[in-house]
Amino acid sequence: MTVNKYKPHILVLPEDDANRQIANGFVNNHNINELAIQILPNAGGWEKTVDQFTNNYVHRMRKFPDRMMVVLIDLDKGKSRLTDVQEDIPDDLKERVFVIGTRYKPEILKSFTRMSFEKIGETLAQDCANNTNNLWRHEELKHNETELERMRSQVKSFLFI
């Protein structure tokens, strides 16, 4: 489904298929306004994700001021990866771009929680809708806290029903 680019909306650019499945689960939660969020095709690696963002979406975000973007990547235990990705976000878009991901790989989170990727996404959406952080506090996700709060404050009014 395509979002209305003239109304507040969020695009999700997943690194790989596991992250795409998590994003799909998030959108499938009954609290989500599915007309305000669109999952893009997976990019095929974190570097390709950053390249796609900078080459294909930066100019479009400037054209549509109500567009926000989640860059969904694996951090592979490296804070430097997060910093590297954030440094590639132009200053004029930093407020509308959120970098979220597992500490290492989504497969580890799946193993710990014994949930499917889609169920993980649905649970994360439920946490957001309820202002709880039950799954977001998991060791594989808790590093997202600052970015998550920043994102929630900007998308809650249009993303959750």
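Nothing here was measured: the structure is a model prediction, and the numbers come from that model.
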task = Could you check L35, I37, N31 and say which one makes a side-chain contact (heavy atoms from CB on, under 4.5 Å) with N33?
result = L35
inquiry  = Within this structure, what is the CD-CD1 distance for the pair Q126 and I32, rounded to the nearest 0.5 Å?
reply    = 9.0 Å
message = I need the E87 CD to L82 CG distance, nearest 0.5 Å.
response = 10.0 Å
key: Test item: T102 and I108 side chains (from C-beta on) under 4.5 Å apart, heavy atoms   = no
task = Check whether any side-chain heavy atom of L75 lies under 4.5 Å from a side-chain heavy atom of R103, and answer yes or no.
result = no
Beyond-backbone contact of N133 with L148, side-chain heavy atoms, under 4.5 angstrom = yes
ask   = Heavy-atom count around E149 CD within 6.0 Å, excluding the residue itself: above 12?
value = yes
message = Suppose we call two aromatic rings close when their centres sit under 6.0 Å apart. Are H138 and F112 close by that rule?
response = yes
inquiry  = Between I73 and V85, does the side-chain contact (heavy atoms from CB on, under 4.5 Å) criterion hold? Intermediate values first, please.
reply    = CA-CA 10 Å; I73 60 169; V85 173; 3.7 Å; yes
request  = Check whether NZ of the Lys or CZ of the Arg K7 lies under 6.0 Å from the centre of the six-membered ring of F158 and within 45 degrees of that ring's axis.
outcome  = no
query = In Å and rounded to the nearest 0.5 Å, what is the OH to CD1 distance from Y57 to I89?
reply = 15.0 Å
ask   = After noting the C-alpha distance and the side-chain angles of H9 and N4, does the key distance pass the side-chain contact (heavy atoms from CB on, under 4.5 Å) rule?
value = CA-CA 7 Å; H9 64 279; N4 182 337; over 6 Å; no
request  = Salt-bridge test for R20 and D17: reply yes if a basic N is under 4.0 Å from a carboxylate O, no otherwise.
outcome  = yes
inquiry  = Please check: side-chain N/O of T113 versus main-chain N/O of L109, any donor-acceptor pairing under 3.5 Å?
reply    = yes
key: Residues D88 and T54: side-chain donor-acceptor under 3.5 angstrom   = no
ask   = Does any N or O in the side chain of D66 come within less than 3.5 Å of the main-chain N or O of K5, such that one atom is a donor and the other an acceptor?
value = no
task = Assess whether side-chain contact (heavy atoms from CB on, under 4.5 Å) is satisfied between I100 and V71, documenting all intermediate values.
result = CA-CA 6 Å; I100 302 283; V71 177; over 6 Å; no
ask   = Do L40 and V12 come close enough that some side-chain heavy atom pair is under 4.5 Å?
value = no
ask   = Does K105 come within less than 4.0 Å of D74, counting only side-chain N to carboxylate O?
value = yes
With sequence neighbours excluded, residues passing salt bridge (charged side-chain N to carboxylate O under 4.0 Å, His left out) with R150 = E147
request  = Please report the closest heavy-atom contact between T49 and P14, naming both atoms and the distance.
outcome  = OG1-O, 4.1 Å
task = Treat each ILVMFWY residue as a node, draw an edge where side-chain heavy atoms are under 4.5 Å apart, and state whether F64 and V58 are in one component.
result = no
query = Just wondering, do V70 and M151 contact through their side chains at under 4.5 Å, heavy atoms?
reply = yes
R96 side-chain N/O to R67 backbone N/O, donor-acceptor pair under 3.5 Å = yes
key: Distance in Å, R152 CZ paired with L159 CG, rounded so as to fall on 0.5 Å steps   = 11.5 Å
inquiry  = Could you check whether atom NZ of K63 has more than 12 heavy atoms from other residues, nucleotides or ligands sitting under 6.0 Å from it?
reply    = no
query = Once you round to the nearest 0.5 Å, how far does CG of L124 lie from CH2 of W136?
reply = 4.5 Å
ask   = Considering all heavy atoms of both residues, which atom of F160 and which atom of A125 are nearest to each other, and what is their separation?
value = CE2-O, 3.9 Å
inquiry  = Between N56 and F53 (side chain of the first, backbone of the second, donor and acceptor by atom type, cut-off under 3.5 Å), is there such a pair?
reply    = no
key: Pair N28-E122, side-chain donor/acceptor within less than 3.5 Å   = no
ask   = Can you name the nearest heavy-atom pair linking G101 to L141, along with the distance?
value = O-CD2, 4.2 Å
inquiry  = Would you say that N24 contacts V27 through its side chain, given a criterion of any heavy-atom pair below 4.5 Å between the two side chains?
reply    = no
query = Closest approach of V3 and A36, non-hydrogen atoms and distance?
reply = CG1-C, 3.7 Å
query = Does any donor atom in the side chain of K156 or N131 lie under 3.5 Å from an acceptor atom in the other side chain?
reply = yes
key: Any donor-acceptor N or O pair under 3.5 Å, side chains E15, N42   = no
query = What distance separates L72 CG from W46 CH2, expressed to the nearest 0.5 Å?
reply = 15.0 Å
key: Pair F98-M69, side-chain contact (heavy atoms from CB on, under 4.5 Å): steps then yes or no   = CA-CA 6 Å; F98 312 97; M69 174 81 69; over 6 Å; no
message = Taking atom CD as the centre, does Q86 end up with more than 12 heavy-atom neighbours from other residues, nucleotides or ligands that are less than 6.0 angstrom away?
response = yes
query = Is the shortest distance from a Lys or Arg side-chain nitrogen in E139 or K142 to a carboxylate oxygen in the other one below 4.0 Å?
reply = yes
query = Does Q154 use its side chain to pair, donor to acceptor, with the backbone of E95 at less than 3.5 Å?
reply = yes
key: Heavy-atom pair with the smallest gap, counting every atom of R62 and L93   = CG-CD2, 4.1 Å
